[in-house]
Amino acid sequence: MKRFYLTTAIDYANGSPHLGHAYEKILADAIVRARRLEGVSCHFLTGLDEHGQKVQETAERLGRDPQLLCDGMAKEFQAMCQRMGVAYDDYIRTTEPRHREVVKDILRQLNRKGEIYKAVYGGLYSVRAERFVQEKDRIDGRWPEDFGEVIELEEENYFFRLSNYQDWLVDFLQKNSNFIFPAHRQRQVLEFLKEPLNDLCISRPKSRLHWGIEMPFDGDYVTYVWFDALINYISAVGYGTENFSNFWPADVHVIGKDILSPAHAVYWPIMLHALDLPLPRCLLAHGWWLAKGGAKMSKSEGNAVHPMDYADIYGSDAFRYFVLREMNVGQDSNFSHDLFVARYRADLANDLGNLLSRLVSMVDRYCGGTVPAPALDGDLEKELKSFAESTVAHVRERCGAYDFAGALERIFSLVQAANRYLECREPWKLAKGGPEEQKMLRDCLGSGVECLRIGAELLFPAMPAAVEKMLAQLGVERAGDWRVLAWGKSTAGKKIGKRTILFPPVEEEEDALPPLSA
RNA sequence: CGCAGGAUGGAGCAGCUUGGUAGCUCGUCAGGCUCAUAACCUGAAGGUCGUUGGUUCAAAUCCAACUCCUGCACCCA
């Protein structure tokens with residue numbers, strides 16, 4: 001049975017995880033969680049890209065074995081996923097035998113088919129940077145300092161016949177306008193494809209680069225890192241085995257906009273096509289997080305956000321909520337401490353956390369801790385029920401369109417509606433009245449709890465851990481299926497759990513900033 | 001130069017595909033409430049939707065021109 005198969009980009013093992021990595025994984029995780037709530041069986045892959053020049057250089061600089069270096073990085077990235085509640089099903093590392101063998105198999109196949117040829121490549125080569133450079137790299141006519149000596153170099157390499165497939169790819173993109181999300185990115189790729197494509201150099205001589213997968217038909221070369229890395233999407237799901245068709249084609253490749261073109265939008269489709277494999281259904285290219293005022297985030301600027309610090313201080317769910325709420329998928333977005341705290345305070349602590357808190361408190365105080373049934377008659381109750389149900393429909397639709405910002409905005413409208421409803425009914429006053437008021441009180445609290453229960457179910461893709469805690473306080477099990485999520489009696493008669501503060505208030509001081517370790 | 005994205009009340013955003021009284025959150029001001037995490041609810045102030053022209057009965061939304069910001073160097077989500 002074919003599953004919904006989603007991948008993220010595999011992270012490059014040359015640097016520690018940062019906000020961008022965390023965001024991409026959280027976005028992917030939320031998509032998968034939402035899909036599962038629709039009853040779809042899913043497979044969520046992420047992993048680590050371990051070969052290539054940069055990793056080799058870093059390992060040499062540190063005097064460490066590159067494999068050990070990568071082992072450490074894998075642990076770091078996996079720990080981040082764990083911390084962020086990112087529940088992948090499989091983690092692929094490009095140094096694993098299961099990957100290496102598939103890469104070699106594919107190279108053999110393409111070679112047999114005549115898609116690969118050997119040719120001499122000549123150009124300007126920087127000895128210090130250990131790579132080919134171009135005339136346009138010159139600054140004021142001179143080579144940058146860190147290039148060192150630049151020499152003419154001729155080198156034999158293996159090339160993949162990309163250019164043969166350019167027309168096919170353009171045709172494919174024109175016929176499949178939903179291949180890349182958001183749509184304007186697809187136009188950009190088509191623009192890029194107006195220029196003739198060069199064949200792709202897919203080998204590196206071992207004299208220059210040894211840290212890679214050996215070319216199966218020539219032991220003097222290793223495979224170019226991009227060619228190697230992209231294959232993870234099929235090597236991880238058993239390419240060449242009967243299981244493969246349960247996964248491939250992938251439904252979504254979640255990637256950053258920087259690696260859309262040419263790697264994912266050009267190399268990868270052509271590689272697959274040359275192998276007679278179907279293409280993934282969608283490339284989802286997300287934007288970048290910018291520092292305050294739209295500045296680029298970087299380690300050197302010292303304005304990078306450290307996701308783990310936020311998770312440690314505010315909880316991983318608060319962090320997940322922020323990035324999903326604030327980023328319009330596909331566009332760039334700002335991350336600033338002020339924005340984060342504003343969201344945390346207003347949405348999580350005041351609106352949501354406080355709603356839970358007041359409901360649990362009142363059920364405890366006025367109903368002996370047993371949740372009453374939600375009312376079916378009053379006008380306000382009907383209105384609330386109707387809004388909750390339309391919210392379910394709206395959120396399902398938005399999540400299907402990867403619009404978590406829109407979905408979360410709507411869920412918080414529901415939370416506000418519940419707060420407003422309590423304000424209108426004033427259960428704390430009803431509690432002081434006679435039998436009729438007592439009946440209204442029970443109807444009111446039952447409705448309030450039911451409303452929050454539905455909101456919580458909808459929040460699950462964004463805040464899985466917090467939702468479990470909320471539902472535990474409301475005394476209910478998570479339904480775990482949006483298709484049957486209707487206003488009902490599922491909370492009635494349940495005993496509420498222990499009331500705890502889900503999102504504790506944060507201090508006022510500016511110093512409450514997480515430590516910005518450089 | 002070219003390509004792409006952006007420009008909406010003090011801040012951050014939505015709306016633009018399928019024109020029709022400008023919406024959300026924060027912030028500010030005034031009021032209400034007391035169940036609750038000094039939280040919640042109500043009301044108000046604040047925008048000629050970058051500029052200029054055009055199409056139209058009607059434009060933030062369509063068209064044209066222009067201005068400003070960002071990205072397009074290996075790497076980086």
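We name chains A, B, ... by the order of the sequence lines, and we start the count at 1 in each one. Keep in mind that what you see is a predicted model, and the values were worked out from it rather than measured.
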Among B:A14, B:U34, B:C76, the nucleotide that comes nearest once only the side chain of A:Trp428 is considered: B:U34

A:Glu326, nearest nucleotide to its side chain (from B:A14, B:G12, B:A36): B:G12

Under 4.0 angstrom between A:Arg420 side-chain N/O and B:U42 OP1 or OP2: yes

Residue A:Arg187, side-chain heavy atoms: nucleotide from B:G5, B:C13, B:U37 that is nearest: B:G5

Nucleotide paired to B:U55 in any strand shown, Watson-Crick or G-U, under 3.5 Å: none

Separation between OG1 of A:Thr46 and CD of A:Gln78, rounded to the nearest 0.5 Å: 9.5 Å

Gap in Å between the two C1' atoms, one belonging to B:U17 and one to B:C62, rounded: 11 Å

Options B:C76, B:C13, B:C24, nucleotide nearest the side-chain atoms of A:His18: B:C76

C1' atoms of B:U21 and B:G12, separation to the nearest Å: 26 Å

Under-3.5 Å donor-acceptor pair between A:Asn354 side chain and B:A36 base: yes

A:Asn328 side-chain N/O to B:A14 phosphate OP1/OP2 under 4.0 Å: yes

Counter-base of B:A38, judged by Watson-Crick or G-U geometry with both distances under 3.5 Å: none

Residue A:Leu502, side-chain atoms from C-beta onward, closest of B:C26, B:A77, B:U37: B:U37

Minimum-distance nucleotide (side-chain atoms of A:Ala349 versus B:U37, B:C35, B:C26): B:U37

Span that lies between the P atom of B:G47 and that of B:A64, in whole angstrom: 31 Å

B:C68 - base-pair partner by Watson-Crick or wobble geometry, distances under 3.5 Å: B:G6

Closest to the A:Phe503 side chain, choosing from B:U25, B:U37, B:C35: B:U37

P gap between B:U55 and B:A60, integer Å: 16 Å

C1' spacing across the pair B:A58 / B:G20, given as an integer number of angstrom: 6 Å

Whole-Å P distance, B:A65 and B:A4: 12 Å

Touch class at under 4.0 angstrom, heavy-atom based, for A:His184 against every strand present: sugar-phosphate

Selected nucleotide, minimal atom distance to A:Arg365 side chain, candidates B:U34, B:A36, B:A77: B:A36

Ring-ring centroid check A:Phe227 A:Tyr224, cutoff 6.0 Å: no

From A:Phe322 atom CZ to A:Tyr314 atom OH, the distance as rounded to the nearest 0.5 Å: 11.5 Å

Residue A:Tyr12, side-chain atoms from C-beta onward, closest of B:A4, B:C76, B:A36: B:C76

Gap in Å between the two C1' atoms, one belonging to B:A14 and one to B:C24, rounded: 7 Å

Gap between atom OG1 of A:Thr491 and atom CZ of A:Arg453 - 0.5 Å precision: 6.5 Å

Residue pair A:Arg410, A:Thr391: steps toward the side chain to side chain donor-acceptor pair (under 3.5 Å) verdict: CA-CA 7 Å; A:Arg410 179 58 186 257; A:Thr391 297; 3.0 Å; yes

C1' atoms of B:C13 and B:C49, separation to the nearest Å: 13 Å

Mutual orientation of the aromatic rings belonging to A:Phe503 and A:Tyr344 [parallel < 30°, tilted 30-60°, perpendicular > 60°]: perpendicular

